[in-house]
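Note sheet for the following structure.
Ligands are counted one by one from 1 in listed order, and the atoms in each one are counted from 1 as well. Note: hydrogens, waters and symmetry copies are ignored here, and every other heavy atom, side chains too, is used. In this chain, residues are counted from 1 in sequence order.
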Amino acid sequence: MKYYILFGPPGAGKGTQATAMVEKYNLHHISTGALLRKEIAAGTELGLQAKALIENGCLVPDEVVEGMIESEFKTVTGVDGFLLDGFPRTLPQAEALDQILAKTGEEVTATVSIMIPDAMIMERIKGRALKEGRADDASEDIINNRIVTYHNQTEPLIEYYGKVEKYHEIDGIGTIEDVRDRIFSVMDKF
Ligand code: AMP
């Protein structure tokens, strides 16, 4: 199985690009953000716990998302691999992922990072807010908090995967097709 991590700041276009990636490489897309939003919509206990954190631009506890990921790995079949979108987002999550995969003698295949400058994050998310109506896209304060959370908690993963030569960064500026082709040229190597 291939295990690709789709990395990048909020608003980089991960969700948009994921669709083309899963289709071309027969992957199962796991977006922890989308799974959490589904729990909130269904009014589950987990959703209730996650709601306030998400709506303030904070991360939910590591154990919550790690459990979600492991259960998806166990239940989904008939694919050539998984595309992890929005996970891992902290060093402990990255270590937990390594441990989960080690149980079956597997490892992360590659991290594909879509990079855009901070100045573009706000603009992109505001555009998305008009289309998708996500609660955590609704205010500049919340978006700023997510940017700070990204720099403090998620950015250290660049070094984590860089050290093992699994970090591949592509320029996220350009048309959806341009960015998609850059992603494909990285993924074609694996
Ligand atoms: P996303 O759709 O990836 O932008 O995620 C939306 C929100 O869900 C994030 O701002 C977090 O509050 C929460 N979330 C998603 N993935 C994770 C994760 N791996 N760890 C912690 N919180 C997460």
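The nearest pair of heavy atoms linking Lys14 to Pro9 is NZ-O, 3.2 Å. Scanning both residues, Met21 and Leu27, for their nearest heavy atoms gives O-CD1, 3.9 Å.
One finds no salt bridge joining Arg124 and Asp137 here, because no Lys/Arg side-chain nitrogen approaches an Asp/Glu carboxylate oxygen to under 4.0 Å. Between Arg37 and Glu132 there is no salt bridge, since no side-chain nitrogen of the basic residue lies less than 4.0 Å from a carboxylate oxygen of the acidic one.
When heavy-atom distances to ligand 1 are checked against a 4.0 Å cut-off, Leu36 comes that close only through its side chain, counted from C-beta outward. Within the 4.0 Å heavy-atom criterion, the part of Val65 lying near ligand 1 is the side chain and not the backbone. With a 4.0 Å cut-off on non-hydrogen atoms, Arg134 touches ligand 1 through its side chain and not its backbone. The proximity of Thr149 to ligand 1, defined as any non-hydrogen pair under 4.0 Å, does not occur for either the backbone or the side chain.
For atom 21 (C) of ligand 1, the nearest non-hydrogen atom from the set Leu84, Val60, Thr154, Ile142 belongs to Val60.
No side-chain heavy atom of Phe7 sits less than 4.5 Å from a side-chain heavy atom of Tyr161. For the pair Phe82 and Ile69, the minimum side-chain heavy-atom distance is 4.5 Å or more.
Atom 15 (C) of ligand 1 has as its closest protein heavy atom Arg89 NH1, 3.3 Å. From the protein, the heavy atom lying nearest to atom 20 (N) of ligand 1 is Gln93 NE2, 2.9 Å. Closest protein heavy atom to atom 16 (N) of ligand 1: Thr32 OG1, 2.8 Å.
Distance check, rounded to the nearest 0.5 Å: OG1 of Thr19 to NE2 of His29 gives 7.0 Å.
Look at Lys14 and you'll find every heavy atom at least 4.0 Å from all atoms of ligand 1. Using a 4.0 Å cutoff on heavy atoms, Leu53 does not count as a contact of ligand 1. By the 4.0 Å heavy-atom criterion, Cys58 is counted among the residues contacting ligand 1.
Remark: Lys2 is not positioned above the aromatic ring of Phe190, lacking an NZ or CZ atom under 6.0 angstrom from the ring centre and at most 45 degrees off the axis.
In terms of polar-atom proximity, defined here as any N/O pair under 3.5 Å, Arg37 does make such a contact with ligand 1.
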